[in-house]
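Owing to the predicted nature of the structure, the values given are computational and were not obtained by experimental measurement.
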Amino acid sequence: MRQRQGNRRGLAIGVVLIGGIALSAQALGQDLRFGFDQRFEASDNQALRAPSQGSSLTSTSRLSFGYTSETPAATFQFGGSGVLRGVSGAVKGQGGFQDPSLRMSYTRTAASGEFGLSARLTSNEIAFLRPFEDFLDPETGEFVPPEDLEDLTGSGRRTSYGADARLRLGDQARVGTTLRAGIRGTRYQGVTNPALVDSRRVSAGLGLRFSLSNVTEAVLDMGWSRFSNQSALQPDRDTLSLSLGLSHDRPDGRLTARLSAEKRDASRTRYGISLGRSHDLLRGGLSYGLGVTWGDAAGRRLNGNIAWTHELPDGQIRLAVNHGLATGSNDSTRQVTSATFGWQHRVTELSALSLDMGLHDSRNLTTGTSVRNVSLGLGYSHQITEDWALNTGYRHRQRDSSGTQARSNTVFLSVRRDFATRF
């Protein structure tokens, strides 16, 4: 039964991807890109296990492609990638063609609104997943941790999928409407960590926007989601949410405020309130917020965030810190603190140095168990020609799971070539 459900989900996402290609048939401008990345790395304890598995050598050949089609009213993007991996040493035998990935997005705009559709399907070998680098938003570069980050250890295959649709109406009116629906889930095969269990979440929502003035607006949002997994001891759970947000544009940024309520099946309702401020700075931006939640089993909890970017004459600095409640892979409530820092420095017009640091600390409020992931990376990049680029560097990873520690060190060298054509 589970297998048939998984096949239907894969078929549905495939239909979405093929349908998106058909929608782009009348495109006026089209771009096609191909990428090749050859990476060699040497690691100790590649899978970040305790005790360490030992050292390994890995060769990874990544092939990627991306297709973009644009018309005056619509944009369609389709892309994918896969790797051919060879491994020797401690994780010998875990090579072959791996990590296939497909993604699609379609957006159609009109004077009064917008329609958007997106889908993704990604499979990864857990032993080679990196807690921070592999979960960065490709558009913003922000760290977006998955719900199962705390349990991604050992080996096995992780397949994640998702599809979202949204319809926004009334952009030019005082009152606007946004409808949304989505599905996302994760499946595992041959995993060594028993905490990794297949799960799925279906969601839908309605948002109402009220333009109170040219610079002030209110958004009333109502949402529903259903979580299910393969655990016989955990029945499906529904979550209802309601929030009211206010925003006020200032000459140098924006002021925000938000009230929220969330109820998960028979549990008590969680309430929240938060305030935020963003500043448009001369050479970057600064945003921060502070809030509190109360009412459910988690009790009263403070939450907050800060993000800062600064453009240097020869580089950039990025800093982001977040603290608050989040949902774990088994729909549990976790208190999460994450922090990322990035620094880039152009040595010449063709070469650059980089430093990045990341911390993700998660505590399960039901069991009291905690998991902390830490990452430190140093890198050097050089643009050999217009199409060829070289990257080399070092990365240290550390994981602490309720007192059990594991460490890994990696040095790498990669060469990348991009091909682009427009037709």
Side-chain angles (χ1 to χ4, degrees), residues 38-62 83-96 98-99 123-136 143 145-159 186 188-197 328-329 334 336-341 354-364 367-380 391-414:
Q38 177 61 54
R39 178 184 173 109
F40 301 97
E41 63 180 50
S43 302
D44 67 300
N45 198 15
Q46 168 67 55
L48 206 59
R49 290 183 177 179
S52 171
Q53 288 185 297
S55 300
S56 61
L57 299 174
T58 306
S59 170
T60 304
S61 302
R62 178 178 297 275
V83 304
L84 184 64
R85 181 177 285 127
V87 188
S88 65
V91 288
K92 185 177 181 180
Q94 294 191 16
Q98 300 173 348
D99 299 355
S123 181
N124 296 103
E125 296 299 319
I126 295 176
F128 298 95
L129 273 175
R130 297 161 296 184
F132 287 91
E133 308 97 289
D134 290 335
F135 299 106
L136 297 177
F143 173 53
E147 293 182 350
D148 59 352
L149 180 64
E150 296 83 359
D151 300 317
L152 289 180
T153 60
S155 60
R157 180 177 300 174
R158 174 188 187 268
T159 301
T186 310
Y188 305 95
Q189 293 177 295
V191 296
T192 57
N193 185 352
L196 295 172
V197 179
S329 58
R334 294 177 176 268
V336 174
T337 301
S338 64
T340 56
F341 172 81
S354 65
L355 166 69
D356 67 84
M357 294 182 287
L359 178 145
H360 185 269
D361 186 276
S362 174
R363 184 164 68 92
N364 189 315
T367 64
T369 57
S370 63
V371 177
R372 174 179 294 175
N373 279 286
V374 177
S375 177
L376 169 66
L378 299 170
Y380 171 78
N391 293 276
T392 185
Y394 161 80
R395 180 160 301 279
H396 172 78
R397 293 181 294 145
Q398 183 173 322
R399 174 185 169 90
D400 187 329
S401 178
S402 297
T404 301
Q405 294 187 350
R407 293 181 175 85
S408 174
N409 297 281
T410 300
V411 292
F412 66 89
L413 172 69
S414 69

Non-hydrogen side-chain atoms of I126 and L196 separated by less than 4.5 Å: yes
Candidate pair V87 and F128, rule side-chain contact (heavy atoms from CB on, under 4.5 Å), full reasoning: CA-CA 11 Å; V87 188; F128 298 95; 3.6 Å; yes
Side-chain ion pair, E41 and R395, N-O less than 4.0 Å: no
Check: F412 and T58 side chains under 4.5 Å, non-hydrogen atoms: no
4.5 Å side-chain heavy-atom contact, Q38 and S59: yes
Gap separating the CG atom of L129 from the CG atom of L152, nearest 0.5 angstrom: 6.0 Å
Side chain to side chain contact (heavy atoms under 4.5 Å, CB included) partners for N364, two or more places apart: S332, R334, T366, T367, T369
D148 side, atom CG; T153 side, atom OG1 - distance, nearest 0.5 Å: 10.5 Å
Within-4.5 Å side-chain heavy-atom neighbours: V197 and T186: no
Minimum heavy-atom distance between G54 and S52, given as atom pair plus value: N-OG, 3.1 Å
From OG1 (T392) to OH (Y380), nearest 0.5 Å: 10.0 Å
R363 to G368 - nearest heavy-atom pair and separation: CG-O, 4.0 Å
Any donor-acceptor N/O pair, D44 side chain to N409 backbone, under 3.5 Å: yes
Within 6.0 angstrom of R39 CZ, more than 12 heavy atoms from elsewhere: yes
L149 versus F135, closest heavy-atom pair with distance: CD1-CE1, 4.2 Å
Any side-chain donor near an acceptor of the partner, R397 and T410, under 3.5 Å: no
Closest contact, heavy atoms only, L48 versus R399: CD2-CB, 3.6 Å
Side chain proximity check, F143 to D356, heavy atoms < 4.5 angstrom: no
Minimum heavy-atom distance between E133 and S375, given as atom pair plus value: OE1-OG, 4.2 Å
No-hydrogen, no-angle side-chain donor-acceptor test under 3.5 Å, S362 and E150: yes
Short side-chain to backbone donor-acceptor contact, S43 and N45, under 3.5 Å: no
Gap between atom CG of L84 and atom CG of D99 - 0.5 Å precision: 11.0 Å
Spacing of CD belonging to Q398 relative to CG belonging to L359, to within rounding of 0.5 Å: 10.0 Å
Test side-chain contact (heavy atoms from CB on, under 4.5 Å) applied to L355 and F341, step by step: CA-CA 8 Å; L355 166 69; F341 172 81; 4.2 Å; yes
Gap separating the OG atom of S408 from the CD atom of Q46, nearest 0.5 angstrom: 6.0 Å
Given D400, D361, T337, the one that forms side chain to side chain donor-acceptor pair (under 3.5 Å) with R372: D361
Neighbour count >12 (heavy atoms, 6.0 Å) for atom CZ, R157: no
